Amino acid sequence: MTHPAQPKASHFINGEYVEDTAGTPIPVIYAATGEQIATVHAATPAIVEQALSTAKEAQKAWAKMTGTERGRILRRAADIMRERNHDLSVLETYDTGKPLQETLVADATSGADALEYFGGLAASLTGEHIPLGEDWVYTKREALGLCVGIGAWNYPTQIACWKGAPALACGNAMVFKPSETTPLCALKVAEILIEAGAPAGVFNVVQGMGEVGGALVTDPRVDKVSLTGSVPTGKKVYAAAAEGMKHVTMELGGKSPLIIFDDADIDNAVGGAINGNFYSSGQVCSNGTRVFVQKGIKEKFLARLAERTGNAILGDPMDEATSFGPMVTENQMNIVLGYIEKGKEEGARLICGGKRADMDGYFIEPTVFADVTDDMTIAREEIFGPVMSVLDFDTEEEVVARANDTEFGLSAGVFTKDFTRAHRVIGNLEAGSCFINSYNDAPVEAPFGGVKASGVGRENSKEAIKHFSQVKSVYVRMGDVEAAF
Ligand code: NDP
């Protein structure tokens with residue numbers, strides 16, 4: 001019998017599911033069991049062509065609709081997503097292995113928030129009037145045209161919506177390529193948009209590996225590329241986009257610092273460290289994986305952290321009591337286990353976890369290392385798994401310098417009761433998305449994105465509009481034209 005996760009076809013183009021079995025088969029593996037639950041096919045050149053030419057054509061009429069009309073469609077799509085939250089969350093769990101306890105509140109709901117927020121903004125995207133005596137200039141905020149979205153595997157529904165919603169609100173069309181690891185959820189987003197009244201072709205999904213992404217990014221008809229992925233992929237995609245002078249948004253990886261001062265509320269700080277390291281089994285780009293703890297509270301912090309981490313419930317992700325799921329793939333599990341071995345070899349002190357869980361699926365125990373030093377591999381490289389590194393520090397000046405000593409700059413957090421210090425420290429940290437006495441909140445109203453190697457551009461909030469539109473400026477002369485001859 002066909003598994004309920006199997007989609008009708010691999011791609012969604014011009015308002016309908018499309019198949020081309022000549023494309024390389026991509027197995028979809030359920031991370032909690034290792035069982036194959038679905039198969040899709042990578043896009044052939046013919047599928048890529050169909051998606052791009054359809055989107056290019058559909059964009060023209062979409063951009064001519066009023067913002068109110070476009071916004072209404074996006075908001076209707078948000079309502080449909082919320083109505084179907086349970087089914088979409090189950091699919092997200094099949095796609096990623098993340099526990100239903102999380103997907104019910106963090107994926108389709110976050111996608112719906114983006115559709116609703118940008119749907120609400122669509123009608124307000126205007127230019128300005130600049131008086132120049134009798135003459136004037138007016139500006140128009142125009143769509144970029146055809147946008148390509150490329151997603152990572154940790155938040156397949158959310159990433160499709162975070163890119164699709166602002167793109168469509170501004171009057172662009174999109175061709176979205178999910179990660180080959182999690183190809184299922186974006187198809188549902190495309191289906192829902194059509195149901196909500198989006199014209200065929202404005203949001204299309206094609207499957208495939210990096211080479212399909214490469215074909216999309218280099219196509220001369222494409223005006224903008226928005227990627228969520230790793231830094232090495234980001235560098236390749238940015239360079240390819242630069243060849244065609246295309247706009248880019250790059251949401252890349254991180255190795256973010258979370259700084260906990262002696263005066264912090266210990267339980268809140270432990271909660272922040274747990275949210276910033278173990279949510280989605282650590283597969284979150286903005287995670288605060290370098291937890292700097294001031295020496296005075298170090299042992300107290302570690303004891304409470306170990307105690308609370310022991311309460312994680314590993315198990316069937318479809319059971320709502322489960323609070324900690326598997327790694328997305330066997331490969332990712334092995335990468336993370338490799339980092340854990342490195343941590344042990346390089347002399348970090350294992351506080352808890354540290355091995356594969358004794359159960360089916362790709363589960364790794366939530367792992368905490370203490371006495372980590374700045375030069376250790378686990379303190380320098382993005383692990384993308386449930387491995388927290390706790391480092392000690394003495395002074396504010398010292399911790400800020402050490403926190404900034406990384407190529408990344410996605411996020412940063414500080415826990416302290418001293419508000420002057422909190423704002424001063426955040427002001428001195430090189431990061432795009434910061435938190436005071438909290439960690440990893442990502443509301444659609446707030447800009448999200450990194451500095452340094454963690455990326456360029458911002459998603460969410462009004463900032464995203466700037467990255468999916470451009471300004472045309474029009475000088476209007478009322479009098480005669482003076483010329484030298
Ligand atoms: P990858 O960088 O491996 O892949 C990202 C996407 O790019 C995938 O869809 C991939 O396809 C595609 N791709 C790979 N090579 C190319 C290419 N040459 N041209 C065009 N597209 C290409 O990232 P992961 O999927 O492994 O995701 C994990 C990474 O994503 C982490 O580093 C994480 O930090 C980052 N991330 C960043 C976020 C942010 O907002 N800043 C949020 C979430 C994750 P395929 O995989 O199918 O081959």
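All residue numbers refer to positions in the sequence shown, counting from 1. Counting starts at 1 for both ligands and their atoms, following the listed order. Since this is a predicted model, take the numbers as computed values, not measurements.
For atom 35 (C) of ligand 1, the nearest non-hydrogen atom from the set A215, A240, G229, G449 belongs to G229.
With a heavy-atom cut-off of 4.0 Å, Q283 does not touch ligand 1 at all. Under 4.0 Å from ligand 1, the heavy atoms of N154 that appear belong solely to its side chain. Residue contacts with ligand 1 for I150 involve side-chain atoms from C-beta outward but no N, CA, C or O (heavy atoms, distance under 4.0 Å). Neither the backbone nor the side chain of L216 comes within 4.0 Å of ligand 1, counting heavy atoms alone.
Donor-acceptor pairing under 3.5 Å is lacking for the side chains of D107 and T103.
Between K163 and E251, no side-chain nitrogen of the basic residue sits less than 4.0 Å from a carboxylate oxygen of the acidic one, so the salt-bridge criterion is not met. Salt-bridge annotation for E345 and K342: absent, with no side-chain N of the basic residue lying under 4.0 Å from a carboxylate O of the acidic one.
An N or O contact shorter than 3.5 Å is missing between E459 and ligand 1 by distance. Of the polar atoms of I159, none of the N or O atoms is found under 3.5 Å from an N or O of ligand 1, judged by distance alone.
Residue Y155 places no heavy atom under 4.0 Å from ligand 1.
Taking the six-membered ring for Trp and thresholds of 30 and 60 degrees, F448 and W162 have ring planes more than 60 degrees apart, a perpendicular arrangement.
Of the residues listed (T249, N172, V225), the one engaging C147 in a side-chain contact (heavy atoms from CB on, under 4.5 Å) is N172, and it is the only one.
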